[in-house]
Amino acid sequence: MTRYSAADIEAKWQEAWDKAGIFQATRTADKPKYYVLEMFPYPSGRIHMGHVRNYTMGDVVARYKMSTGHNVLHPMGWDAFGMPAENAAMAIGGHPKEWTYNNIADMRGQMKPLGLSIDWSREFATCDPEYYGQQQALFLDFLEKGLVYRKNAVVNWDPVDMTVLANEQVEAGRGWRSGALVERRELTQWFFKISDYSDELLSALDTLDNWPAKVRLMQENWIGKSRGLQFAFERTDGAEPITVYTTRPDTLNGASFVGISPDHPIAKAMEADDADLAEFLAECRKGGTTAEAIETAPKLGRDTGIRVKHPLNPDWELPVWIANFILMDYGTGAIFACPAHDQRDLDFCRKYDLPVVDTFFALDDSTPVATEAFVPPKEQKVKWVSHFAGLDEATGDEAINATIDLAEKDGWGEGVTKFRLRDWGLSRQRYWGCPIPVVHCDACGVVPEKKENLPVELPDDVSFDKPGNPLDRHETWRDCACPACGKPALRETDTMDTFVDSSWYFARFTAPRAETPTDMAEAEYWMNVDQYIGGIEHAILHLLYSRFFARAMNICGHLPDSAKEPFDALFTQGMVTHEIYQTRDENGRPVYHLPEDVEDGKLKATGEALEIIPSAKMSKSKKNVVDPVSIISAFGADTARWFVLSDSPPERDVEWTAAGAEAAHKHLSRVYRVSAEIAAMDDAATGEDEALLREMHKAIDEVTKGVESFGFNAAIAKLYGFTNTLAKSKAGGAAKKQAAKTLAQLMSPMTPHLSESVWEMLGGTGLATTAPWPVADAAMLVEDSVTLPVQVNGKRRAEISVPKDMDKAEVEKIALAHEAVQRVLNGGAPKKVIVVPGRIVNVVA
RNA sequence: GCGGGCGUGGUGGAAUGGUAGACACAGGAGACUUAAAAUCUCCAGGCCUUAGGCCGUGCGGGUUCGAGUCCCGCCGCCCGUACCA
């Protein structure tokens, strides 16, 4: 008998599948389609266990759907633009393009041995001119429909390197290379008008039944629809009033000051002839652009000297302060502060000694606010100190509505709905991205490039020896003729955010070689993605941008109406985590090391001791990645696939450990060995046949349910159990062969190569991969008797075995008669007996 | 700071409000073997002296006949926070 040799059988079966062409997605009328997609990878150069886990899950779904009679589309591509390629060019020389395509070739080579059921004929990379040229066409269509525009927005500015930094390149407020204190600076940039769709993107979340509730909730909060009051404060100096937006107008009687953002036009106007104030604003603009940096920065404020009148009491004057925690992007960039009921306002008022006035108290506690603001939920009833609408006890919601009504009636304000969602800034001051296809002409202004001139290709002759965008320095590329008037003009040198690339690749997969962005007939057949699988880290941005893009593409005629929500079902897998190994360089900055370079907490090469940082998401920058290639060469792809599915529920994070791989391999060897033994048996029946076949049908039932519900780990646990049953069963050859063939089929989505070999040795017809999925016989799942636990006061005291449909009174009698129950009752009569049929008996003593 | 999630043996984890720890890993004992590997069988949450009992799902409360599961308040960790992908 031959032993299980993954290396031999995996190559053999991959060749057989290839030859049969079974993974090519084809449109036929006789079968329903199924589109399964895993979020495509960034080509870092090495696949890691997170990829293996992600693609194996998708592969299980794809293979299962194939064997249940679907035309399956299961494509793969590369999210190939982005910063790491430029960083590599700067660090080690070479060209981003070469680096990226080499990485893609390497990763494809590492991925293919996994035996995934991918239609490789549809592969593309987002950095292929054929792809990004179509993306430029989309941009021009969006521009025509008014979905793209330009405005100013702040970026991280490194004043030493004189360059824009990504948030990731800002560490503790300093540029990662120069170490200079980062400032916020305004640039004119391109924006997608995603805010046009705020309300629709919000309300359509309700239709996404097969998305995780947590993702829908996160998107809902991100879009952040709020109803509030917008009104203006009259200035005592008669200048233009200051318009504010507030979601808590009911607390207007607790107003302490009016606050404006450091980026507010009033602040900017004053800056010009007030050096002192200019210095203060420069201080406010220090640090990065992230919400976190802004909101956790120490509170800074300055009195502008401007005074405004309270809208409800003209004699009540409020000071106008500039405060660094007020965002220009949200609302009107100006607020009124009510410190008693907002922690940020309170912290600010305590720091600058501004008044704190309570406007309401809890029903049972009238302690004035000291250091903690009183912020009850808006549904909670509170006791009002004084409310201008005459309220005494009312909820926040009631008070807000009353205030808006009052303001509208008296004409000093109006109720407005606002969204937290901002327009999507897509401009990047970088080389390795999709060029924005417009030209700047002195005479004509901003002019779109003509579609026949697409793609606007990136030039290859660039250098990365200086900071900043090489396109800015590339004169022969930058200088061009205006598409409108033909005079000399300048090409836009900003490229697109890489989120643009990933916002429509799923649509492109339906017709990857089309000479328009999509092919309607193909899109209509294959869209939507029936099952999308990816990391929870994409819960908001990528998925929201893709939902916007699907709508925008629909408006431009690139997707059908039915594809406005492009992902029917979403599954967010947990991340693969790993410890981080770090040393420090001479400046005390962290240097990271790959797990394969580490042994016993020391660097293999030098023996230097390492700091071990607890598990975090595997990331290229932290180097805490594990190489699946060594697992595959040692044990085979099936072992790797089996292991990543078996040890952890798919939605949860999994900590990679090498320990389990060997056990998985042992089990697969056992399946192979047991199957070979069974193949050699004669077919005589025994009295054990039925028991085995009953177990087989239970396995079919449970594994099918597991695969359909992403309960892969549970399905695998059942397969372990069924393998044990099969190995120990005294059933005859015919029954055991049937059971073993079924086992092979049930394992096939997870361990396709092993399953083909088992299928073959047991005389299965054709390929196991294309054989119809087994169906459980309901009659074989029914049990005659059932074991019930008996509890007394919620503690288990006994177990009884009764016929499945015995009536409650009879069950109760048997339970009470049990010796252990009698002992606990100690002669007393039970107060109550609860019988849950088929489940449990609970005696209340 | 804000939004979302998670927390169960030595380890990964299982459990429609109904027997907590399935299935594995690591560990222990045994069989086979000259020996080893491989394979097979059995044990295994903690505590108490056994029959048996008590405790036990991050911590503190609550709802329920019954809570890992639902509610309230904490603690810890993870993800996102709009220029990482």
Side-chain angles (χ1 to χ4, degrees), chain A residues 3 39 41-42 44 79 81-84 153 155-156 164-170 189 212 214-215 217-222 224 288-297 325 329 343-344 347 420-430 497-499 501-502 535-542 544-545 572 574-575 577 614-617 619-621 646-649 651-655 657 659-660 662-664 666-667 669-670 673 713-714 716-721 724 727-728 787-791 793-799 820 823 831-834 836 838-844:
Chain A
R3 284 172 53 121
M39 291 179 185
Y42 179 81
S44 60
D79 190 11
F81 276 134
M83 290 201 311
V155 294
N156 301 304
V164 175
L165 298 179
N167 286 336
E168 194 188 49
Q169 297 171 318
V170 179
Q189 310 204 62
K214 66 179 169 188
V215 175
L217 185 57
M218 279 190 258
Q219 293 213 354
E220 183 183 327
N221 291 334
W222 184 261
T289 59
T290 64
E292 186 187 4
I294 290 165
E295 290 198 37
T296 55
F325 64 90
D329 288 318
Q343 192 62 45
R344 287 178 306 181
D347 294 344
R420 189 181 158 277
L421 178 65
R422 308 201 295 254
D423 277 335
W424 171 10
L426 68 114
S427 300
R428 297 292 181 271
Q429 295 70 42
R430 272 185 271 283
D497 178 9
T498 56
F499 271 122
D501 311 335
S502 56
I536 185 67
E537 67 271 27
H538 295 294
I540 296 174
L541 292 180
H542 162 62
L544 194 62
Y545 290 158
T572 55
M575 284 171 296
T577 62
S615 279
K617 172 175 127 178
S619 83
K620 300 161 281 286
S621 58
S646 66
D647 232 25
S648 202
E651 69 276 13
R652 219 188 286 187
D653 288 357
V654 61
E655 162 97 31
T657 64
E662 196 150 341
K666 247 189 223 177
H667 178 73
S669 304
R670 182 168 186 235
R673 190 176 60 248
N713 56 328
I716 283 182
K718 183 64 192 176
L719 287 165
Y720 268 109
N724 283 333
K728 288 177 193 171
T787 302
L788 294 183
V790 182
Q791 296 182 335
N793 292 334
K795 277 190 205 290
R796 192 179 72 94
R797 298 295 177 179
E799 223 170 55
R823 181 157 22 86
K831 286 195 191 118
K832 191 175 171 187
V833 178
I834 291 144
V836 183
R839 278 287 177 194
I840 201 166
V841 180
N842 192 12
V843 179
V844 186

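Here the structure is a predicted model, which means the values were calculated and not measured. Quick note on labels: first sequence line is chain A, next is B, and so on, each numbered from 1.
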Contacts under 3.5 Å, N or O only, protein and nucleotides 19-21 of chain B:
from, atom 1, to, atom 2, distance (Å)
B/U19, O2, A/Arg796, NH1, 3.4
B/U19, O2, A/Glu799, OE2, 3.1
B/U19, N3, A/Glu799, OE2, 3.0

Q. Per the atom types in the model, does the base of B/C65 pair as donor or acceptor with the side chain of A/Asn842 at under 3.5 Å?
A. yes

Q: Assign A/Thr498 to base, sugar-phosphate, or nothing according to its heavy-atom contacts below 4.0 angstrom with the strands shown.
A: sugar-phosphate

Q: Using the C1' atom as the reference point in each nucleotide, state the distance between B/A38 and B/A31 in Å, no decimals.
A: 14 Å

Q: Just compare B/A24, B/G4, B/C83 and give me whichever is closest to any side-chain atom of A/Tyr720.
A: B/A24

Q: Could you pick out which residue, A/Thr289 or A/Pro41, lies toward the 5' side of RNA chain B when each is mapped onto its nearest nucleotide?
A: A/Thr289

Q) With a 3.5 Å cut-off and just heavy-atom distances, do the side chain of A/Arg430 and the base of B/C83 make a donor-acceptor pair? A) yes

Q) Rounding to a whole Å, what distance do you find between A/Trp222:CH2 and B/G3:C1'? A) 9 Å

Q.
side chain to side chain contact (heavy atoms under 4.5 Å, CB included) for A/Leu421 and A/Leu544? Distances and angles first, verdict last.
A. CA-CA 10 Å; A/Leu421 178 65; A/Leu544 194 62; 3.8 Å; yes

Q) Which heavy atom of A/Tyr720 sits nearest a heavy atom of A/Ala664, and at what distance? A) OH-CA, 4.3 Å

Q: State which residues pass side-chain contact (heavy atoms from CB on, under 4.5 Å) with A/Arg670; sequence neighbours excluded, sorted by chain then number.
A: A/Arg673, A/Val674, A/Thr723, A/Asn724, A/Ala727

Q.
Roughly how many Å apart are B/G66 and B/U19, using the C1' atom of each and rounding to a whole number?
A. 12 Å

Q | Any donor-acceptor N/O pair under 3.5 Å between B/C84 base and A/Gln169 side chain | A | no

**Q.** Spacing of A/Glu537 atom CD relative to B/C84 atom C1', expressed in whole Å
**A.** 11 Å

(Q) Starting the side chain at C-beta, find the nucleotide from B/C2, B/C6, B/C23 nearest to A/Ala717. (A) B/C23

Q. With A/Thr289, which of A/Asn156, A/Leu165, A/Ile294, A/Val170 fulfils side-chain contact (heavy atoms from CB on, under 4.5 Å)?
A. A/Asn156

Q.
For RNA chain B, please output the secondary structure as dot-bracket, reading 5' to 3'. Pairs are Watson-Crick or G-U wobble, both atom distances under 3.5 Å; mark crossing pairs with [ ], other-strand partners with |, unpaired with a dot.
A. (((((((..(((.....[....))).(((((.......))))).((((...))))..(((((..]....))))))))))))....

Q: Over all heavy atoms of both residues, which pair between A/Glu292 and A/Thr296 is shortest? Give the atoms and the distance, please.
A: O-OG1, 2.6 Å

Q) Do you know the tightest heavy-atom contact between A/Arg430 and A/Val164? A) NH1-O, 4.4 Å

Q.
In whole Å, measure the gap between the P atoms of B/G18 and B/G68 for me.
A. 10 Å

Q: Return the set of residues passing side-chain contact (heavy atoms from CB on, under 4.5 Å) with A/Lys666 (not counting sequence neighbours), or none when no residue passes.
A: none

(Q) When the P atoms of B/G52 and B/C70 are compared, how many Å lie between them, rounded to an integer? (A) 35 Å

Q.
Side chain of A/Lys832 only, heavy atoms from C-beta on: which candidate in B/G52, B/A85, B/C65 is closest?
A. B/C65

Q | Residue list, salt bridge (charged side-chain N to carboxylate O under 4.0 Å, His left out) with A/Asp497, at least two apart or on another chain | A | A/Arg428

(Q) Just to verify, what does A/Arg796 make a salt bridge (charged side-chain N to carboxylate O under 4.0 Å, His left out) with, not counting sequence neighbours? (A) A/Glu799

Q. B/C83, B/U81, B/A82: which one has an atom nearest the side-chain heavy atoms of A/Gln429?
A. B/C83

Q: Send over the distance from A/Met218 CE to B/G3 P, rounded to a whole Å.
A: 13 Å

(Q) So A/Leu421, base contact, sugar-phosphate only, or nothing? Heavy-atom distance under 4.0 Å. (A) base

Q: Using the test side-chain hydrogen bond (donor to acceptor under 3.5 Å, both in side chains), find all partners of A/Gln219 that sit at least two apart in sequence or belong to another chain.
A: A/Arg547

(Q) The criterion is salt bridge (charged side-chain N to carboxylate O under 4.0 Å, His left out); which residues satisfy it with A/Arg823, sequence neighbours excluded? (A) A/Glu819

Q. Reckon A/Ala663 touches a base, only the sugar-phosphate, or nothing at all at heavy-atom distances under 4.0 Å?
A. sugar-phosphate

Q: Let me know the distance between NE2 of A/His538 and P of B/C78, rounded to the nearest Å.
A: 19 Å

Q: Would you indicate what A/Val844 reaches in the nucleic acid, counting non-hydrogen atoms under 4.0 angstrom: base, sugar-phosphate, or nothing?
A: sugar-phosphate

Q | B/U8 and B/A67, which share atom name C1', separated by this distance in whole Å | A | 14 Å

Q | Whichever of A/Val215 and A/Ser427 has its nearest RNA chain B nucleotide further upstream toward 5' | A | A/Val215

**Q.** Rounded P spacing from B/A85 to B/C78 in Å
**A.** 23 Å

Q.
As a test of reading the structure: which of B/G4, B/C83, B/C25 is closest to the side chain of A/Asn156, going by heavy atoms?
A. B/C83

Q) Between B/G1, B/A85, B/C83, which nucleotide gets closest to the side-chain atoms of A/Gln189? A) B/C83

Q) By side-chain contact (heavy atoms from CB on, under 4.5 Å), which residues pair with A/Lys795, not counting sequence neighbours? A) A/Arg797

**Q.** Pairwise P distance, B/U57 and B/G4 [rounded to whole Å]
**A.** 27 Å

Q) Nearest-Å distance, NZ (A/Lys718) to C1' (B/G13)? A) 18 Å

**Q.** Nearest-angstrom distance from the residue atom NZ of A/Lys214 to P of B/C78
**A.** 16 Å

Check: protein-nucleotides 37-47 of chain B nitrogen or oxygen pairs below 3.5 Å:
from, atom 1, to, atom 2, distance (Å)
B/U39, O3', A/Arg673, NH2, 3.3
B/C40, OP1, A/Arg670, NE, 2.7

**Q.** Shortest non-hydrogen contact from A/Ile716 toward A/Ser646
**A.** CG2-CB, 3.6 Å

Q: Specify the separation, in whole Å, of atom CG of A/Asn724 and atom C1' of B/A22.
A: 13 Å

Q: Can you check whether any acceptor in the base of B/C6 is under 3.5 Å from a donor in the side chain of A/Glu651, or vice versa?
A: no

Q) How is A/Lys831 classified with respect to the nucleic acid when contacts are heavy atoms under 4.0 Å: base, sugar-phosphate, or nothing? A) nothing

Q: Could you check if the base of B/G58 is syn or anti? Syn means the glycosidic torsion is within 90 degrees of 0.
A: anti

(Q) Can you check the distance between B/C65 and B/G21, where both ends of the measurement are the P atom (answer in whole Å)? (A) 25 Å

(Q) Suppose we screen for ring-ring contact (aromatic ring centres under 6.0 Å, His included). Which residues come up paired with A/Tyr545, at least two apart in sequence or across chains? (A) A/Trp424, A/Phe499

Q. Who are the side-chain hydrogen bond (donor to acceptor under 3.5 Å, both in side chains) partners of A/Asp79, not counting sequence neighbours?
A. none

Q: In whole angstrom, give the distance that lies between atom CG of A/Asn713 and atom P of B/A14.
A: 5 Å

